[in-house]
Amino acid sequence: MVTGKFINRGQRLGCVLALSVLALVLWGVPGAKALDNGLAMTPTMGWLHWERFMCNVDCKQEPNSCVSEQLFMQMADLMVSDGWKDAGYQYLCIDDCWMAPTRDSKGKLQADPERFPGGIHRLANYVHSKGLKLGIYADVGQKTCAGYPGSFGYYDIDAKTFADWEVDLLKFDGCFCDSVDHLADGYKNMSLALNRTGRSIVYSCEWPLYMWPFYKPNYTEIRQYCNHWRNFGDIFDSWQSIKGILDWTSYNQDTIVDVAGPGGWNDPDMLVIGNFGLSWDQQVTQMALWAIMAAPLLMSNDLRHISPQAKALLQDKDVIAINQDLLGKQGYLLRKEDKFEVWERPLSNLAWAVAIRSLLEIGGPLSHTISVASLGRAVACNPACLITQLLPVKKELGLFEWTSVLKTRINPTGTVLLQIKRPS
């Protein structure tokens, strides 16, 4: 057994990145049993505060951007009024730093009384009144990553508290746990405790993320306890971060892709579209690849200040339909060339999604030609298919025969997202 204090949020990214050089034994787990709570049958969609607002608790100096009841109520209002709810974004999720520094006299978690004067239950009622669902954050260890009370030794109490507050999703982090065994047991125990409450609560884990520095996680087991799970360190508002996630995912795809499906998903972390660090082409790439990866779509941005272009991308109904496809198969990297990657994902009704990503970070747009016979395990266009480009702009490309080639032109760091269907 490996023991010692587990890494905090700031340290863990470097530890997980170092693991990408390991030579992995490739294995798959087709047909793995999912957590049987009837939830997350398609990837979860919503909004999560962490990347944009982090642990800002200074409401005196920054009243409009601190982690507070006011922030979440404003976001709930906008999720309804600005079309996010109608587009499928249903969960409004609180991350770390919502708690008071200590538990109450009965050992229960409590919200910071100044920043959440009405408590979490009142906030949940407000969110539910908008037709949305509320997510909350806790930690498997002694403390959260930001140093607030952890759930170690309190799993049943905390699960019941969240159910009493009518919470709909729990993001369960893995900081400050004293051993690998306690980490694994804690994630299992909280899953069981949530189910015992009788309330439907989506369970979002970071279990494999904290396991990777010690040994390869057992994804078959993780899927039996979690609705989605983080594998890689926290996302940042940067192209380097997006690339790191995509590279890790493709490098480990033989381990993680087959385990994903209805009820349990790999989570590459938040959408940072609409913030500051990505160019337009890079935002298109994130949206396209998160759809291909069947990833939870949890935005972390400021819905009060988002460009019409970013809003239209995040609410693109065709791209969301690929992400939410009921077949529930995660896509994968088909091949990597000098200047391009080709990803594909099987969809319902024998359709396929294909993303062609430019690896260039210099120069201008470059053409890419691909044989349609090579796509969709060589059957997507046999004998013919209809191809529609969905991103960066939607256009019907027409009917292609199995012997045809498809030519696209892609900006540096950009992606073209295609949908391939059988002719009617």
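From a predicted model like this one, the values you see are computed outputs, not experimental measurements. These numbers come from the heavy atoms of this one structure, side chains and all, not from hydrogens, waters or symmetry mates.
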For this session: Give a yes or no on whether a salt bridge exists between D158 and R103, defined as a side-chain N under 4.0 angstrom from a carboxylate O.
Result: yes
Exercise. Which heavy atom of I356 sits nearest a heavy atom of H368, and at what distance?
Worked result: CG2-ND1, 3.8 Å
Exercise. Is a side-chain donor or acceptor of Q389 paired with a backbone partner of V393 at a separation under 3.5 angstrom?
Worked result: yes
Problem set entry | Aromatic contact, Y225 with Y187 (centres under 6.0 Å) | no
Problem set entry | Side chain R357, main chain L289, donor-acceptor under 3.5 Å | no
Exercise. If only atom types and distance count, is the side chain of K85 paired as donor or acceptor with the main-chain N or O of K130 below 3.5 Å?
Worked result: yes
For this session: Measure the CZ-CG distance between F162 and L170 for me, rounded to the nearest 0.5 Å.
Result: 5.5 Å
Exercise. Taking the side chain as C-beta and beyond, is there a heavy-atom pair between M75 and R304 under 4.5 Å?
Worked result: yes
Exercise. Going by atom types alone, do D281 and N411 pair a side-chain donor with an acceptor below 3.5 Å?
Worked result: yes
For this session: Please tell me if the side chains of H228 and S204 come closer than 4.5 Å, counting only heavy atoms from C-beta onward.
Result: yes
Problem set entry | Any donor-acceptor pair under 3.5 Å from H49 side chain to S300 backbone | no
For this session: Rounded to the nearest 0.5 Å, what's the gap from OG1 on T161 to CD1 on I120? Could you check?
Result: 11.5 Å
Problem set entry | Side chain R199, main chain L194, donor-acceptor under 3.5 Å | no
Exercise. With respect to V372, which candidate in I420, I387, L418 satisfies the side chain to side chain contact (heavy atoms under 4.5 Å, CB included) definition?
Worked result: I387
Problem set entry | Under 3.5 Å: donor-acceptor pair, side chain of W84, backbone of Q315 | no
Exercise. Hey, are the side chains of V202 and K133 touching, using non-hydrogen atoms and a 4.5 Å cut-off?
Worked result: no
Seminar exercise, completed: Residues T249 and Q330: closest non-hydrogen pair is CG2-NE2, 4.3 Å
Exercise. Taking atom types as modelled and ignoring hydrogens, do the side chains of Y210 and D173 form a donor-acceptor contact shorter than 3.5 angstrom?
Worked result: yes
Problem set entry | Residue pair P392 / T415: nearest heavy atoms and the distance that separates them | CD-O, 3.8 Å
Exercise. If only atom types and distance count, is the side chain of D96 paired as donor or acceptor with the main-chain N or O of A146 below 3.5 Å?
Worked result: yes
Exercise. Going from CE on M270 to CH2 on W47, what distance comes out if it is rounded to the nearest 0.5 angstrom?
Worked result: 10.5 Å
Exercise. Hey, are Y148 and D112 close enough side-chain-wise for a donor-acceptor pair under 3.5 Å?
Worked result: no
Exercise. When you look at CG of N349, are more than 12 heavy atoms from neighbouring residues, nucleotides or ligands closer to it than 6.0 Å?
Worked result: no
Exercise. Are more than 12 heavy atoms from other residues, nucleotides or ligands located less than 6.0 Å from atom NZ of K329?
Worked result: no
Exercise. Out of W165, F72, W98, which residue meets the side chain to side chain contact (heavy atoms under 4.5 Å, CB included) rule with L123?
Worked result: F72
Exercise. Would you say the side chain of Y219 lies within less than 4.5 Å of the side chain of N231, judging by non-hydrogen atoms?
Worked result: yes
For this session: Answer yes or no: is there a side-chain heavy-atom contact under 4.5 Å between L313 and Q283?
Result: yes
Exercise. Between atom CD of E69 and atom CD of Q74, what is the distance when rounded to the nearest 0.5 Å?
Worked result: 11.0 Å
Exercise. How are the rings of Y155 and F152 set relative to one another: parallel (under 30°), tilted (30 to 60°) or perpendicular (over 60°)?
Worked result: perpendicular
Seminar exercise, completed: Rounded to the nearest 0.5 Å, the OG atom of S129 sits from the CE atom of M73 at a distance of 8.5 Å
For this session: Indicate yes or no for a side-chain donor-acceptor contact from N266 to the backbone of I256 under 3.5 Å, with no hydrogens or angles considered.
Result: yes
Exercise. Is there a side-chain contact between W207 and N218, using heavy atoms and a 4.5 Å cut-off?
Worked result: no
Problem set entry | Over 12 non-hydrogen atoms of neighbours within 6.0 angstrom of CD in E361 | yes
Exercise. What do you reckon, is NZ of K160 surrounded by more than 12 foreign heavy atoms closer than 6.0 Å?
Worked result: no
Exercise. Would you say the side chains of D77 and Y126 form a donor-acceptor pair under 3.5 Å?
Worked result: yes
Exercise. Between W248, W229, F232, which is the residue that forms a ring pair (Phe, Tyr, Trp, His ring centres under 6.0 Å) with W212?
Worked result: W248
Problem set entry | Side-chain donor-acceptor contact under 3.5 Å, D168 with Q90 | no
For this session: For side-chain contact (heavy atoms from CB on, under 4.5 Å), just list the numbers for I410 and L360, CA-CA rounded to whole Å, side-chain angles, deciding distance to a tenth of an Å, and then say yes or no.
Result: CA-CA 10 Å; I410 310 172; L360 290 179; over 6 Å; no
Problem set entry | E344/R377 salt bridge by N-O under 4.0 Å criterion | no
Exercise. What's the verdict on side-chain contact (heavy atoms from CB on, under 4.5 Å) for Q419 and D318, showing C-alpha distance, side-chain angles and the deciding distance?
Worked result: CA-CA 9 Å; Q419 186 175 49; D318 295 314; 5.7 Å; no
Exercise. Where is the tightest heavy-atom contact between N301 and F53, given as atom of each residue plus distance?
Worked result: O-CE1, 3.7 Å
For this session: Kindly indicate, with the supporting measurements, whether the criterion side-chain contact (heavy atoms from CB on, under 4.5 Å) is fulfilled by E166 and N125.
Result: CA-CA 8 Å; E166 298 184 87; N125 288 338; 3.4 Å; yes
Exercise. If we only count heavy atoms from C-beta on, is the P149 to T144 side-chain gap below 4.5 Å?
Worked result: no
Exercise. Has the side chain of N323 got a donor or acceptor atom that lies under 3.5 Å from a matching backbone atom of A295?
Worked result: yes
For this session: Report yes if some heavy atom in the side chain of I320 is under 4.5 Å from a heavy atom in the side chain of M287; otherwise report no.
Result: yes
Problem set entry | Minimal non-hydrogen separation, D316 against L390, with atom names | OD2-O, 4.3 Å
For this session: For side-chain contact (heavy atoms from CB on, under 4.5 Å), just list the numbers for R230 and K171, CA-CA rounded to whole Å, side-chain angles, deciding distance to a tenth of an Å, and then say yes or no.
Result: CA-CA 10 Å; R230 287 270 306 283; K171 176 180 175 180; 4.2 Å; yes
Problem set entry | Donor-acceptor contact below 3.5 Å, side chain S348 vs main chain L327 | yes
Problem set entry | Shortest non-hydrogen contact from C93 toward L169 | SG-CD2, 4.1 Å
Seminar exercise, completed: When rounded to the nearest 0.5 Å, the distance separating CE of M99 from CG of D139 is 8.0 Å
